[in-house]
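Residue numbers start from 1 in every chain, and the chains themselves are labelled A, B, ... in the order their sequence lines are given, proteins ahead of strands. For the numbers below, each heavy atom of this structure counts, side chains included, while hydrogens, waters and symmetry mates do not.
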Amino acid sequence: MAKVKIFVTLKDDVLDPQGKTVKFALDKMGYRDIDTVRIGKYIEIETRGSGGKELKKEIDEICDKLLANPNIEKYTFSIE
Amino acid sequence: MVKYGVVVFPGSNCDRDCFWAAHDMMGQKAEFIWHESKSIDKYDVIIIPGGFSYGDYLRAGAIARFARVMDNIHTFAGKRNKLVFGICNGFQILLESQLLPGAMLTNKTLKFICKYTNLQVENNSTPFTSECSREQILRIPIAHQEGNYYCDEKTLNSLVKNDQVVFRYCDEKGNIDDSTNPNGSLYNIAGICNKRRNVLGMMPHPERAMTERLGSTDGAFIFRSITEYVKKSL
């Protein structure tokens, strides 16, 4: 059993209107030190597969094919 | 008669309007195609309609891309004289399927926008726009939350160079700038086609602009173009 925690976020050069709006709200709330806010997705996968290199390869494949759109998004993940 | 096939995914909601546009307004043959269908070769035109396929979960169009019918649409699009037309969610599905380049981001306003827009016809030598004149302005409504077209600079340059930008958002006089861009779309893009010109994706809904009673008849230019093109190739 392994638990995979995946973060999908917009690429740095892609405008994130949602993040921008949240940043605007935080400004208004008085949090003046915040420079940027970027909003992404968090996905949790539980798998019966064993960890290691093979699982890493499989998760990369899942992210490339479905969970992230490589035109606009990037991803990171950790396996526990 | 031209045979239109309208794909139906769980969550499609413009399928009946597209059927009506092709069948009732154009007087052609039209059928619905369930998303698990294998045999689609008998059709001349496949329409991927608007709506919220699979609830727009993950990303709009991301799940629909893996429906069985999409494999067949890839093959279909590679054949001679076959047309694939994605409208709104259908356009998003074509992008996710990589039948067209780029991706959709959330509208810059973050809001679902439902209103009439003006589109300039940038390329009238496609099967979808042959009945339009170049730079003709079409009045066709949009209804979407993720219509903010994005691609990298290299892709945009190649789209422009190859005349693949078919529609751009403008005002009623044809001016194209930020103020005439409803959703933040790159280069005011409202619709693009592939290099072979037989796959078109557009965010506005021509099937909602087919009679005066709906506020515009300009959508008929597109359905007429498709119908005439296919008739000539039959």
* With a cut-off of 6.0 Å (strictly less than), are more than 12 heavy atoms of other residues, nucleotides or ligands near CD of A/E44? -> yes

* Interface moiety of A/D16 toward chain B, non-hydrogen atoms closer than 4.5 Å -> neither

* Structure fact -> Looking only at A/I72, A/D13, A/N69, most heavy-atom pairs under 4.5 Å shared with chain B are made by A/N69

* Counting only heavy atoms not in B/R80, do more than 12 fall under 6.0 Å of its CZ? -> no

* Should we count OH of A/Y42 as having more than 12 external heavy atoms under 6.0 Å? -> yes

* Residue by residue, scan residues 139-167 of chain B and write down, ordered by number, those that have a heavy-atom distance under 4.5 Å to chain A; if none do, write 'none'. => B/Y150

* Asked: So with a 6.0 Å cut-off around CD of A/Q18, is the heavy-atom count from everything else above 12?
  -> no

* What do you reckon, is CZ of B/F66 surrounded by more than 12 foreign heavy atoms closer than 6.0 Å? -> yes

* **Shortest non-hydrogen separation from A/K65 to B/R65 and the atoms involved** => O-NH1, 2.9 Å

* Euclidean distance, A/N71 CG relative to B/E96 CD, rounded to 0.5 Å -> 8.0 Å

* **Within residues 107-114 of chain B, residues adjacent to chain A where the heavy-atom gap is under 4.5 Å** => B/N107, B/K108, B/L110

* For the residue pair A/L15 and B/L105, establish whether any side-chain heavy-atom pair is separated by less than 4.5 Å. => no

